[in-house]
**Q** 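Just dropping this structure here.
Position 1 is the first residue of the sequence; numbering continues from there. None of the values given here were measured: they were computed from a predicted structure.
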Amino acid sequence: MGQVTVRHRPEVINYLNQLAYTLFEKDYFHSLESAVTYKNKIIEFIDDSIVTFPSKETPANIQYLGSNYIFYKSNQRTTWYIFFEQKGNDFLITNILNNNSEEIKWL
């Protein structure tokens, strides 16, 4: 398949970093370290699975999030939707939302 490049828009990285702090502050995790581990597992899934996990085309009304998406079920209650653009073996992660986001109703 050749060399695969996965890049994340700065906004996505900022969102995920803030997510770790927010989850810790709201007592979803008992330590900041655990929240950071949770965030890192999301990033690891993206980087390791973007090529092999079956992606879907994003519906037209929310394509501003990214042309394609995959999902990651982090636990029983939370599914993350990872939106991206792809050119050959180059992937750009453009957005990430969870199942509580309003836009997910269109998927």
**Q** Write down the atom of Leu65, the atom of Leu97, and the distance for their closest heavy-atom approach.
**A** CD1-CD1, 3.7 Å
**Q** Can you name the side chain to side chain contact (heavy atoms under 4.5 Å, CB included) partners of Glu102, sequence neighbours left out?
**A** Lys105
**Q** Sort and list the pairs that fulfil salt bridge (charged side-chain N to carboxylate O under 4.0 Å, His left out) and have at least one residue in residues 84-93, not counting sequence neighbours.
**A**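 Not a single pair qualifies under salt bridge (charged side-chain N to carboxylate O under 4.0 Å, His left out).
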**Q** State the CH2-OG1 distance between Trp106 and Thr58, to the nearest 0.5 angstrom.
**A**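 Those atoms lie 14.0 Å apart.
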**Q** Could you give the distance from CG (Asn68) to OG1 (Thr94), rounded to the nearest 0.5 Å?
**A**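 If we round to the nearest 0.5 Å, Asn68:CG and Thr94:OG1 are 9.0 Å apart.
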**Q** Could you work out, with salt bridge (charged side-chain N to carboxylate O under 4.0 Å, His left out) as the rule, every residue matching Lys26, not counting sequence neighbours?
**A** none
**Q** So which heavy atom on Phe24 is nearest to which on His30, and how close?
**A** CE1-O, 3.8 Å
**Q** Starting from Tyr21, can I reach Leu23 by hopping between I/L/V/M/F/W/Y residues whose side chains sit under 4.5 Å apart?
**A** no
**Q** Do the non-hydrogen side-chain atoms of Phe84 and Val6 ever get within less than 4.5 Å of each other?
**A**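 SC-SC contact between Phe84 and Val6 ruled out.
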**Q** Work out which heavy atom in Thr79 is nearest to a heavy atom in Asn99; give both atom names and the distance.
**A** N-OD1, 2.7 Å
**Q** Would you mind writing out the side-chain donor-acceptor pairs for residues 41-55 within the sub-3.5 Å range, not counting sequence neighbours?
**A**
unit_1	atom_1	unit_2	atom_2	d
Asp47	OD1	His8	NE2	3.0
Ser49	OG	Phe45	O	3.1

**Q** Students often mix this up, so state it plainly: with edges at 30° and 60°, are the rings of Tyr15 and Trp80 parallel, tilted or perpendicular?
**A** perpendicular
**Q** Say whether Leu19 and Ile104 are linked into one hydrophobic cluster, either directly or through other cluster members, by side-chain heavy-atom distances under 4.5 angstrom.
**A**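 Yes, same cluster.
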**Q** Using the test side chain to side chain contact (heavy atoms under 4.5 Å, CB included), find all partners of Tyr64 that sit at least two apart in sequence or belong to another chain.
**A** Ile62, Glu103
**Q** Counting neighbours of NZ on Lys56 that are heavy atoms of other residues, nucleotides or ligands and sit closer than 6.0 Å, is the number greater than 12?
**A** no
**Q** Checking Asn17 against Lys39 for the side-chain contact (heavy atoms from CB on, under 4.5 Å) test, could you report, in this order, the C-alpha distance in whole Å, the side-chain angles of both residues, the deciding distance, and whether it holds?
**A** CA-CA 7 Å; Asn17 286 333; Lys39 174 212 52 153; 2.9 Å; yes
**Q** Judged by atom type as modelled, is there a donor-acceptor pair below 3.5 Å linking the side chain of Ser31 to the main-chain atoms of Ser34?
**A** yes
**Q** Please check if the number of heavy atoms outside Tyr81 that lie under 6.0 Å from its OH is greater than 12.
**A**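 More than 12 heavy atoms, drawn from other residues, nucleotides or ligands, come within 6.0 Å of this atom.
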**Q** Do the side chains of Tyr72 and Leu92 join up, straight or via other hydrophobic residues, at under 4.5 Å, putting them in one cluster?
**A**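 Different hydrophobic clusters.
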**Q** Please name all residues satisfying side chain to side chain contact (heavy atoms under 4.5 Å, CB included) with Asn75, sequence neighbours left out, ordered by chain then number.
**A**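 Counting only residues at least two positions away or on another chain, Asn75 forms a side chain to side chain contact (heavy atoms under 4.5 Å, CB included) with Tyr38, Arg77, Thr78.
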**Q** Quick check, are the ring centers of Phe83 and Tyr69 under 6.0 angstrom apart?
**A**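 Between Phe83 and Tyr69, the centre distance is under 6.0 Å.
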**Q** How close do Lys73 and Gln76 get, counting heavy atoms only, and between which atoms?
**A**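 Heavy atoms of Lys73 and Gln76 come nearest at NZ-O, 3.4 Å.
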**Q** What distance separates Arg7 CZ from Ile13 CD1, expressed to the nearest 0.5 Å?
**A**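 Atom-to-atom, Arg7:CZ and Ile13:CD1 are 12.0 Å apart.
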**Q** Got a sec: does the CD of Glu33 have more than 12 other heavy atoms crowding it under 6.0 Å?
**A**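 No, not enclosed.
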**Q** Ala35 and Ala20: which non-hydrogen atoms are nearest, and at how many Å?
**A**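 Of all heavy-atom pairs spanning Ala35 and Ala20, the closest is CB-O, 3.2 Å.
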